[in-house]
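The analysis underlying the following values was restricted to heavy atoms, covering all of them including side chains, and did not include hydrogens, waters or symmetry mates.
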Amino acid sequence: MTQTNAFSELAGKKLGPTPWLELTQDRVTAFGGVTLDFDPHHIDPRQAKNGPFGVAVAQGFLTLSLLTHFVEKLPGNTMPEQNVNYGFNKVRFIKPAMVGSKLRAYFTCVGAEQRAPGQHLMTFETIIESDADGGTPVLAAEWLTLVYA
């Protein structure tokens with residue numbers, strides 16, 4: 001089977017779920033330090049108790065950035081190692097990801113297009129869900145990845 005056919009066969013397939021990842025305060029605070037996002041509802045649990053969510057929550061961009069972690073943790077991951085984040089067509093932060101909750105992701109390949117010999121543009125509908133509230137989605141995105149194979 002050629003690489004093009006292998007990628008095309010992924011189209012429409014739901015991949016996941018990934019294993020759960022605990023969203024710790026240390027992770028959220030560290031991300032705030034790297035991105036200079038020191039909003040108290042992210043990094044100060046005592047102050048966050050009086051905020052809109054009643055608890056500290058992750059930065060939306062932290063939640064989004066976890067997609068790279070989650071794709072590596074897909075059961076039976078057969079994605080080539082040489083791939084590049086090509087961007088997003090759509091990103092929605094559906095609900096805050098609360099510190100102390102656990103997150104996991106699902107990926108559905110909705111497109112596989114050969115761009116050049118050895119280059120395939122993959123389009124994935126992605127969902128990150130939280131174990132809070134019985135598996136509530138916290139993020140939905142259409143993610144583009146350029147794969148070199």
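Considering CG of Leu21 and CG of Asp131, their distance stands at 11.0 Å, rounded to 0.5 Å. The structure places CG of Leu66 at 11.5 Å from OG1 of Thr126, a figure rounded to the nearest 0.5 Å. Distance check, rounded to the nearest 0.5 Å: CG of Leu146 to CD of Glu113 gives 10.0 Å. Of the inter-residue distances, the one linking Glu142 atom CD with Thr108 atom OG1 reads 11.0 Å to the nearest 0.5 angstrom. Taking CZ of Phe107 as the reference point, atom CD1 of Ile128 lies at 7.0 Å (rounded to 0.5 Å). Interatomic distance, CD of Gln119 versus CD of Gln82, reported as 12.0 Å (0.5 Å rounding).
Each of Met98 and Phe93 belongs to its own hydrophobic cluster when Ile, Leu, Val, Met, Phe, Trp and Tyr are linked at side-chain heavy-atom distances under 4.5 angstrom. Grouping the Ile, Leu, Val, Met, Phe, Trp and Tyr side chains by contacts below 4.5 angstrom, directly or via other members, places Val147 with Phe70. Under the 4.5 Å side-chain contact rule for hydrophobic residues, Val91 and Leu67 share a cluster. Both Leu74 and Leu139 are members of a single hydrophobic cluster when ILVMFWY side chains are connected at heavy-atom separations under 4.5 Å. No single ILVMFWY cluster, assembled from side-chain heavy atoms under 4.5 Å apart, contains both Val138 and Ile127.
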Practice problem: Could you please spell out the steps behind the side-chain contact (heavy atoms from CB on, under 4.5 Å) verdict for Phe124 and Leu15? | Solution: CA-CA 10 Å; Phe124 293 95; Leu15 309 172; 4.3 Å; yes
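A donor-acceptor pair under 3.5 Å is absent between the side-chain atoms of Thr136 and the main chain of Ser130, judged by distance alone. Judged by distance alone, with hydrogens and angles left aside, the side-chain atoms of Arg27 form a donor-acceptor pair with the main-chain N or O of Glu22 at under 3.5 Å.
Inter-residue side-chain proximity for Glu129 and Trp20 is flagged as met; some heavy-atom pair is nearer than 4.5 Å. Put simply, the side chain of Pro45 reaches to within 4.5 Å of the side chain of Gln25, judged on heavy atoms.
With respect to Gln59, the side chain to side chain contact (heavy atoms under 4.5 Å, CB included) criterion is satisfied by exactly one of Val57, Leu62, Thr63: Leu62.
Closest approach of Met122 and Ala112 over heavy atoms only: SD-CB, 3.8 Å. Heavy-atom minimum distance, Ile43 versus Val28: CG2-O, 4.4 Å. Closest non-hydrogen pair, Pro40 versus Ala48, comes out as O-CB, 4.0 Å.
A parallel orientation is assigned to the rings of Phe88 and Trp143, their planes being inclined by less than 30° (bins at 30° and 60°).
Within a 6.0 Å sphere centred on CZ of Phe38, heavy atoms belonging to other residues, nucleotides or ligands number more than 12. When the shell of 6.0 Å around OH of Tyr86 is examined, it contains 12 or fewer heavy atoms from other residues, nucleotides or ligands.
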